[in-house]
There are 2 protein chains.
Amino acid sequence: MALPREYETQACALARALEVVGERWTLLIVRDLFFGVTRFTDIQAHLDVPRAVLTARLALLVDAGIVERRPYAPGRFEHVLTDAGLELWPIVHQLMGWGERHLVDSGPVRLFAHASCGTDLALDGGCPTCAIVPLPADVETRPGPGTPSVRRTDPISVALREPHRLLQPV
Amino acid sequence: MALPREYETQACALARALEVVGERWTLLIVRDLFFGVTRFTDIQAHLDVPRAVLTARLALLVDAGIVERRPYAPGRFEHVLTDAGLELWPIVHQLMGWGERHLVDSGPVRLFAHASCGTDLALDGGCPTCAIVPLPADVETRPGPGTPSVRRTDPISVALREPHRLLQPV
DNA sequence: CAGACTTGGTTCATTCAGTGAACTGACTCT
DNA sequence: AGAGTCAGTTCACTGAATGAACCAAGTCTG
C-alpha cells in the first residue's frame, strides 16, 4: 500500500523504522502517548499540530501496529501504545536526553525516576540503584530546573507540570 | 536564526532534538557517517538523496555541532561526527533494532558485535560478555541473514557487505 | 427540549519543502 | 588538451504541511 514517506531503496531497518516514526510530529505524538495524553483533542491542543496531520499520523501509527485506537465512550477514542509502541520508550528517552545535553543550556527540562525506588534514571534509561531498565509504566516523570520561562497554559501542559507516572492518563 | 523545521511551542528537549535530527534523510545520513561513508558523493550515491537536500542537511548538522566538515585534499571534504554526533549511536542502534524486530520479517538485516571480544551486542547496545556499552569505534558491523534479495550495486553498498568497524572510512 | 458546547474529525486554498534533471567550476589524471 | 571526478547550485515541478473554516454526533444546561 506504500507508506507516505518511503526510503524504498534503502535495505536498512533504520529506513523502515523512519518510514513509520520518522515523519514530522510523529515522535512528539508518541511522546505524548507515553505521557498519558491519549485523546485527539488533548494531543492537538498540547502540540499545536494541525488536525489533518494528527489524523493522518494517528492512522499511520495504528496501521503500523504501534498504537491502538479504542472507544471509551460513544464517539470518543483513546490512543494507547501497543507492545511495539512501548518498545520505543528507550529511543524517545535517549533522544530526549541527548537533546538536554547538547541543545538545551538551562539544565534538564524534564526528569525521569524509577517509580519503585525513586532513583533518577541514568543516561541509558536504567535505574542505577536497582540495576535494571524499568518499563515505562514504572517510570515517574517530573519537570526539571531547565523548564523554560514562557510556560504554556493549556490544561495538558499545566497537568504535566505535576509529577506523574508514564502511561497514566492525565 | 531559526532552524528550518521548528517545534517552537514545545518546551521538551525532544522537540529540540527533532529540530536537528528529525528531518527527512538526516538520521540516514548520520547512519552513513557511523558506517564510515563520509564524502558528499558517496553519501549521495548510497542514499539516493537529492543533492540539494544533502547539502542542506550536512550544513545543518555542521551548524548544530554534530558533524565536522574538513578538507582532506583541495576541493575535497570529509564529514566526521563530533563527540555530540557520536552520542547519537545508541539512538541510531536502538531505532535500527526496533525496526528489525517490528518492521522486518526476514531476520536481522545487519548485525553489530563488540570488536574487542566478538560478542554480538544486546538490544540495549551493550556487550553481554564484557558488561559494558562499547563506543561506536569499538563496534564491528556485518550484514545479517535478512539482507534483501534486491541488492544495490553501487560501490558503497558493495563495500558495506564486508564486515568492518564503525567510523572506519570505507 | 432547545440551544450551546465538546469531541473528533474533513475540506480547501496557500505556503513551503522535497525531487530530479541539468548545469557549473575547481581540480586531477592521462 | 580533453575527459573525468567531486561538490556543489539552479530551477521547474510536485507533494506535503499549514491554518482557517466547516461539520456531525453526542452531551450538558436552563
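Chain letters run A, B, ... following the sequence lines, proteins first and then strands; every chain starts at 1. Scope of the values below: all heavy atoms of this structure, side chains included, with no hydrogens, waters or symmetry mates.
In this structure A:Trp98 satisfies the ring pair (Phe, Tyr, Trp, His ring centres under 6.0 Å) test together with A:His102, sequence neighbours excluded.
Between the C1' atom of C:dG20 and the CD atom of B:Gln44 lies a distance of 10 Å, rounded to the nearest Å. Between the CG atom of A:Leu47 and the P atom of D:dT18 there is a distance of 11 Å, rounded to whole Å. Atom CH2 of B:Trp25 is separated from atom C1' of C:dA17 by 14 Å (rounded to the nearest Å). Put simply, CD on B:Glu23 is 15 Å from P on C:dC16, counting in whole angstrom units. What separates CG of B:Asp48 from C1' of C:dG20 is a distance of 11 Å, to the nearest Å. Between A:Leu54 atom CG and D:dG19 atom P there is a gap of 14 Å when expressed in whole angstrom units. Atoms CG (A:Asp154) and P (C:dT7) sit 13 Å apart, rounded to a whole Å. Taking atom CZ on A:Arg57 and atom C1' on C:dG8, their separation rounds to 18 Å, with Å as the unit.
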Trace of the salt bridge (Lys or Arg N to Asp or Glu O under 4.0 Å) decision for A:Arg101 with B:Asp83:
CA-CA 12 Å; A:Arg101 273 175 282 136; B:Asp83 288 347; over 6 Å; no
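The side chain of A:Arg24 contributes no N or O atom lying less than 4.0 Å from OP1 or OP2 of C:dA17.
For the pair A:Arg110 and A:Phe35, the cation sits on the ring face: its NZ or CZ lies under 6.0 Å from the ring centre, inside 45° of the axis.
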Distances under 3.5 Å between protein N/O atoms and the N/O atoms of nucleotides 7-9 of chain D, please, pair by pair.
residue, atom, partner, partner atom, Å
D:dA7, OP1, B:Phe77, N, 3.1
D:dA7, OP1, B:Phe77, O, 3.2
D:dA7, OP2, B:Thr41, N, 3.2
D:dA7, OP2, B:Thr41, OG1, 3.0
D:dG8, OP1, B:Arg69, NH2, 2.6
D:dG8, OP2, B:Arg69, NH2, 3.2
D:dG8, N7, B:Arg51, NH1, 3.3

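At a threshold of 4.0 Å, the pair A:Asp105-B:Arg16 does not count as salt-bridged, since none of the basic side-chain nitrogens sits closer than that to a carboxylate oxygen.
For the 3.5 Å distance criterion, the side chains of A:His46 and A:Asp32 qualify, holding a donor opposite an acceptor.
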Side chains of residues 66-81 of chain A: which donor-acceptor partners sit under 3.5 Å, not counting sequence neighbours?
residue, atom, partner, partner atom, Å
A:Arg70, NE, A:Glu78, OE2, 3.2
A:His79, ND1, A:Thr38, O, 2.9

